[in-house]
Amino acid sequence: MKSYVILISGRGSNMRSLLEANLPGRCVAVISNRPDAAGLVFAAARGIPTVVVDHKAFENREAFDAALLEAIESHQPDLLILAGFMRLLTEAFVRRFEGRILNIHPSLLPAFPGLHTHKAALTAGVPVHGCTVHWVTPSLDAGPIILQASVPVHADDTEDTLAARVLEQEHLLYPKVVRKLLEG
Ligand code: GAR
């Protein structure tokens, strides 16, 4: 059975959708760069080893990534799943996991990379928005797209209503992709 590690930074609702999906693989650890990430509580309650690698404790990105790498490698995962992990990773780190590291992003990439994607979609006036699961490469939000899900944008949408509609799709899309990858 293949194994995976999930990286989070906060709420962890995508992590939760993965853990509740009865995937054909074993989640061997949930790692957060923030000690107060709510998702850690949920993972620990399910008996999954949780680890905090607090980015604030490191002098620079390289030192943080080295510590993160060590925490991950002790579990030897087949897949490394970024689920609301909000730190930029160094090129060396990403290369180490190339072909095994994936991310979910709240827009239809290549539209709206980076932060505040729902606000950007509303400002641009697009009729359709959504989410993307993609392989992670050293360029931010630019790796090969695996699968996307779209939602309509309504005339009366706010950032919050649009985010909620997209998040609902994220929770379906990520388990669907990870299941396929775990099945090989
Ligand atoms: C999700 O919408 C995810 O797509 C996004 O952060 C949110 C995390 O929510 N990720 C990014 O923006 C990555 N650049 P969650 O912690 O409840 O899964």
Side-chain angles (χ1 to χ4, degrees), residues 4-21 23 27 29-46 48 50-55 61 64-65 68 79-91 93-94 97 101-124 126 128-153 157-179 181:
Y4 58 96
V5 163
I6 304 177
L7 300 190
I8 63 169
S9 292
R11 180 176 58 183
S13 71
N14 275 292
M15 172 210 75
R16 187 170 171 157
S17 76
L18 291 165
L19 296 180
E20 287 180 333
L23 295 172
C27 179
V30 168
I31 303 177
S32 171
N33 66 302
R34 291 187 177 276
D36 59 350
L40 289 172
V41 179
F42 181 84
R46 287 186 73 102
I48 295 165
T50 58
V51 182
V52 173
V53 183
D54 186 348
H55 65 275
R61 232 173 252 293
F64 168 71
D65 279 13
L68 186 61
L79 280 182
L80 182 56
I81 301 175
L82 310 190
F85 183 70
M86 304 307 276
R87 297 290 300 170
L88 290 175
L89 294 163
T90 57
E91 175 161 0
F93 181 97
V94 172
F97 291 101
I101 175 170
L102 59 158
N103 181 43
I104 189 158
H105 181 78
S107 78
L108 293 173
L109 291 171
F112 316 125
L115 298 173
H116 312 300
T117 56
H118 308 305
K119 188 174 179 189
L122 290 174
T123 304
V126 291
V128 174
H129 187 41
C131 51
T132 302
V133 176
H134 65 94
W135 293 111
V136 175
T137 61
S139 330
L140 180 69
D141 299 332
I145 290 169
I146 303 173
L147 204 61
Q148 297 181 307
S150 59
V151 300
V153 180
D157 264 334
T158 62
E159 246 181 280
D160 286 348
T161 58
L162 186 54
R165 196 173 308 122
V166 172
L167 192 64
E168 206 176 304
Q169 291 305 312
E170 292 186 44
H171 294 163
L172 300 174
L173 187 69
Y174 221 179
K176 189 170 165 180
V177 171
V178 173
R179 180 180 302 281
L181 294 174

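Indexing begins at 1, ligand by ligand and atom by atom, following the structure's order.
Residues Lys176 and Leu172 have side chains not in contact (no heavy-atom distance under 4.5 Å, counting atoms from C-beta outward). Two residues are said to be in side-chain contact when any heavy atoms from C-beta on lie closer than 4.5 Å; Val126 and Leu108 fail this criterion.
Between the side chains of His129 and His118, a donor-acceptor pair is found at a separation under 3.5 Å. Residues Ser13 and His171 have side chains that bring a donor and an acceptor to within less than 3.5 angstrom of each other.
Atom 12 (O) of ligand 1 has its closest protein heavy atom at Pro106 CD, 3.4 Å. Looking at atom 16 (O) of ligand 1, its nearest protein heavy atom turns out to be Gly12 N, 2.8 Å. Gly84 CA, 3.9 Å is the protein heavy atom nearest to atom 6 (O) of ligand 1.
Within the listing of ligand 1, atoms 1 (C), 2 (O), 3 (C), 4 (O) sit less than 4.0 angstrom from a heavy atom of Glu170. The contact set between ligand 1 and Ser13, taken as ligand atoms under 4.0 Å from a residue heavy atom, comprises 15 (P), 16 (O), 17 (O), 18 (O). Here is the list of ligand 1 atoms found below 4.0 Å of a heavy atom in His105: 14 (N).
In this structure, Glu168 places its CD atom where only 12 or fewer heavy-atom neighbours from other residues, nucleotides or ligands lie under 6.0 Å away.
Taking the six-membered ring for Trp and thresholds of 30 and 60 degrees, Phe64 and His55 have ring planes more than 60 degrees apart, a perpendicular arrangement.
Residue Gly10 places no N or O, backbone or side chain, under 3.5 Å from any N or O of ligand 1. Taking distance alone, with nitrogen or oxygen atoms compared against 3.5 Å, Arg11 approaches ligand 1 more closely than that limit.
Using a non-hydrogen distance threshold of 4.0 Å, Ile8 does not register as a contact of ligand 1. Met86 counts as a contact of ligand 1, since one of its heavy atoms falls under 4.0 Å from the ligand.
Taking each heavy atom of Asn33 and Ser9 in turn, the nearest pair found is OD1-OG, 2.6 Å.
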